[in-house]
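What follows is a short report on a single structure.
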Amino acid sequence: MTETTTTTLRDRVGALVAEAARAAMQAGALPDVALPDDVVERPRDAANGDYASSLPLRLARSAMMPPLAIAEAIAAHLPAGEVIQAPEIAPPGFINLRLAEGFVQGEIDRIIEQGPNFADISLGTGKHAQVEFVSANPTGPLHVGNGRGAAIGDTLASALEAAGYEVEREYYVNDAGTQTDVFAETLYARYQQQHGLDVTVPEGGYPGEYMVDLARRLHDREGDRLLAGPGEPPPPELRELGIELMVEQIRDTLEGFGTSYERWFSERSLYEPASGETSAYDTALGTLRADGHLAEREGALWFTSSELGEDKDNVVLRSDGRPTYFASDIAYHHDKLVTRGFDLVIDVWGADHHGHVSRVEMATEAVTGNGEALHILIYQLVTLKRGAETVRLSKRSGEIITLDELVEEVGPDAARFFFLLRAPSSQMDFDLDLAVKQSNENPVYYIQYAHARLASILDRASGEGHAPEGGDVSLLTAPHELALVREMLRLPEVIELVATTYEPQHLAHYGIELATSFHAFNDAFRQQNDASLKVITDDPALTAARLRLVQAAKIALGRVLDLMGMTAPERM
RNA sequence: GCGCCAGUAGCUCAGUGGAUAGAGCGCUACCCUGCGGAGGUAGAGGUCAGAGGUUCGAAUCCUCUCUGGCGUACCA
């Protein structure tokens with residue numbers, strides 16, 4: 001059994017350079033100076049090696065030596081080895097490192113051994129993480145903007161899993177606030193209309209047509225038993241059933257988008273004491289009160305965040321005695337971090353909520369003492385366009401484009417990938433006309449096509465009696481073959497990057513680059529007009545070796561697609 | 001007004017203080033009796049919004065200005 005390496009290759013190479021630097025210090029070739037954490041990076045230009053270190057440039061000041069002299073001192077203690085070739089020094093003070101050919105070849109076997117676990121790292125081993133995302137009010141269908149949150153949150157969760165965390169995906173259901181009152185009133189009006197009553201939707205209610213559909217479903221299911229007397233408010237059960245139906249609809253939409261959750265967390269449950277104990281709300285507010293973070297003023301109860309550096313205080317309990325959503329948020333984060341004890345909690349919010357970030361962070365720190373564990377990820381809003389025309393995203397505007405409609409038009413894979421390509425912090429335009437018109441040119445197909453081609457080659461080889469088993473990877477020496485392996489070896493580093501920056505777009509861009517490497521590899525024979533460069537050739541040993549490369553590439557590409565929640569088709 | 005996020009190729013966008021700033025789409029020219037052409041190769045296209053500053057080195061960090069999005073409720 002081969003030992004599984006769960007650090008990244010970058011860390012391994014970096015450790016070699018750091019060791020060499022320390023050896024140079026011990027030998028007196030270099031003054032004893034502190035080393036930075038990261039000593040190697042991936043150079044932009046492959047001509048500068050697989051990894052490069054700018055350590056000499058960075059140490060020049062503290063070591064009081066010219067960068068090139070430092071580079072030579074380090075390089076002298078950095079011999080060629082199993083992993084890297086002899087280093088090259090490049091002005092003004094870089095040490096360029098190339099992976100040893102034998103090492104690159106051997107990694108093919110290791111990737112096949114690891115199979116679907118290839119690229120797992122141990123960054124989060126033993127830690128529990130929670131990613132909460134979408135969490136839209138259950139008062140209407142999900143729109144396109146929610147899709148961005150779903151793609152980001154789900155992929156982030158997958159990347160954290162690959163990084164070793166135990167991850168829970170959670171949807172926070174706002175079933176307790178004033179918006180659900182408005183929802184219930186609107187639904188009740190539509191429900192009454194179903195029974196021929198002349199009632200209008202209340203001022204400020206939800207005008208959308210979906211409320212009519214919802215009322216019809218309610219009518220079909222429950223008949224007229226939810227009708228109250230004239231002038232009476234909607235019965236509580238109607239609200240419950242309405243929210244239930246809406247949550248079901250949202251769950252269906254997300255499943256159709258390829259996203260499912262471990263847990264649907266009810267806001268209302270924060271106010272319900274668990275078996276004779278105090279509720280999460282009482283516990284959290286009690287902590288704040290005990291620590292002197294609450295003050296009564298103007299008949300309301302305030303979180304005195306201005307004493308903690310915030311520009312103003314925030315109401316937790318209104319003068320009419322009803323808690324605000326902020327109060328729920330405090331209790332919710334206490335539950336996440338203290339009651340459930342997650343080591344890492346990521347909230348994925350749309351930019352329309354960014355005004356809440358600092359106060360929730362502050363309150364979380366106050367109530368848990370562990371604010372560091374919370375990371376609130378803000379994604380900028382999606383501007384929806386039809387050609388040049390901007391479509392507003394709002395449940396209250398006339399036209400809303402639902403996530404269902406988007407999935408219907410472009411498919412879940414393309415929709416997810418489109419969202420994942422953009423950094424969360426970047427505002428993005430989503431041109432519906434373009435998405436439909438150019439769906440065949442969407443980069444999602446570029447990646448999936450590469451996967452289908454890989455599968456096809458293995459199929460064909462199998463039909464002709466070839467198999468990857470027993471192939472000798474040391475026969476693979478062509479540049480386009482080794483370049484493909486090198487590209488695969490980046491995946492653990494990409495996962496580490498996503499799991500530490502919480503920015504899933506790196507995965508999407510990497511997917512394109514890996515597919516590009518494969519397409520270039522696969523078309524080399526055609527470009528060079530040389531049939532001996534094909535995978536399946538007259539040479540059985542070479543064929544078997546190349547099939548191992550193809551098998552490994554299929555594993556790597558399949559992993560990337562899986563992390564993004566996309567299908568990895570065997571044929572298209 | 002104040003705060004947060006952004007401004008990079010014609011368009012949509014990547015870019016972890018390092019070497020000649022990239023991709024897709026669009027455009028130009030090539031490569032098919034094709035292990036799947038939804039592909040490959042090459043090319044044109046840039047004042048990294050502007051001005052200062054920090055640094056051996058800045059698209060990246062800091063300050064200011066301009067432009068856009070969002071927020072700034074006892075709404076969510």
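Here is the naming used below: chain letters follow the sequence lines, and residue numbers restart at 1 for every chain.
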#### Entry: Side chain proximity check, Pro443(A) to Leu421(A), heavy atoms < 4.5 angstrom
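In short, these two side chains touch, coming nearer than 4.5 Å.
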Regarding [N], can its base be found pairing with the side chain of [X] as donor and acceptor, where the two atoms are less than 3.5 Å apart?
| X | N | result |
| --- | --- | --- |
| His509(A) | rG15(B) | no |
| Asn96(A) | rA19(B) | yes |
| Glu41(A) | rG18(B) | no |
| Ser426(A) | rC13(B) | no |

Taking any strand in view, what nucleotide pairs with [N] in a Watson-Crick or G-U wobble way, both distances under 3.5 Å?
| N | answer |
| --- | --- |
| rA9(B) | none |
| rC61(B) | rG53(B) |
| rG17(B) | none |
| rU72(B) | rG1(B) |

Checklist entry - Counting only heavy atoms not in Asn529(A), do more than 12 fall under 6.0 Å of its CG? => result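 No, because the 6.0 Å sphere around CG of Asn529(A) holds 12 heavy atoms or fewer from other groups.
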For a quick test of reading the model, state the closest non-hydrogen atom pair linking Val201(A) to Tyr206(A) and the distance between them.
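Scanning both residues completely, I find the closest heavy atoms to be CG1-O, 4.1 Å.
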- Query: Looking at Arg268(A) and Asp175(A), what are the two nearest heavy atoms and their distance?
  - Reply: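 That closest heavy-atom pairing would be N-OD1, 2.8 Å.
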ask   = Reckon Gln528(A) has a side-chain N or O less than 4.0 Å from the OP1 or OP2 of rU41(B)?
value =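 No, no such contact exists.
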N/O (side chain, Arg526(A)) to phosphate O (OP1/OP2, rG37(B)) under 4.0 Å =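 Yes, because at least one side-chain N or O of Arg526(A) sits under 4.0 Å from OP1 or OP2 of rG37(B).
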Practice task
Determine, answering yes or no, if Tyr446(A) is stacked on rG24(B) under the 5.5 Å centre rule and the 30° plane rule.
Solution key: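 Tyr446(A) vs rG24(B): stacking no.
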query = Base, sugar-phosphate, or nothing: which does Ser425(A) touch, judged by heavy atoms less than 4.0 Å apart?
reply =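 Since only primed, P, OP1 and OP2 atoms lie under 4.0 Å of Ser425(A), the category is sugar-phosphate.
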Could you tell me whether Tyr325(A) contacts a base, only the sugar-phosphate backbone, or nothing, with contacts defined as non-hydrogen atoms closer than 4.0 Å?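 Counting heavy atoms under 4.0 Å across all strands, the contact made by Tyr325(A) is with sugar-phosphate only.
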Next on the checklist: Closer than 4.0 angstrom, basic N to acidic O: yes or no for Arg571(A) and Asp459(A)?
Outcome noted: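 Yes.
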**OP:** Any chance you could lay out the salt bridge (charged side-chain N to carboxylate O under 4.0 Å, His left out) test for Asp313(A) and Arg297(A), step after step, and finish with the verdict?
**Re:** CA-CA 11 Å; Asp313(A) 293 345; Arg297(A) 198 184 328 134; 2.6 Å; yes
- Query: Of the residues in residues 534-548 of chain A, which ones touch RNA chain B at a heavy-atom distance under 4.0 Å?
  - Reply: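 Those residues are Lys534(A), Val535(A), Ile536(A).
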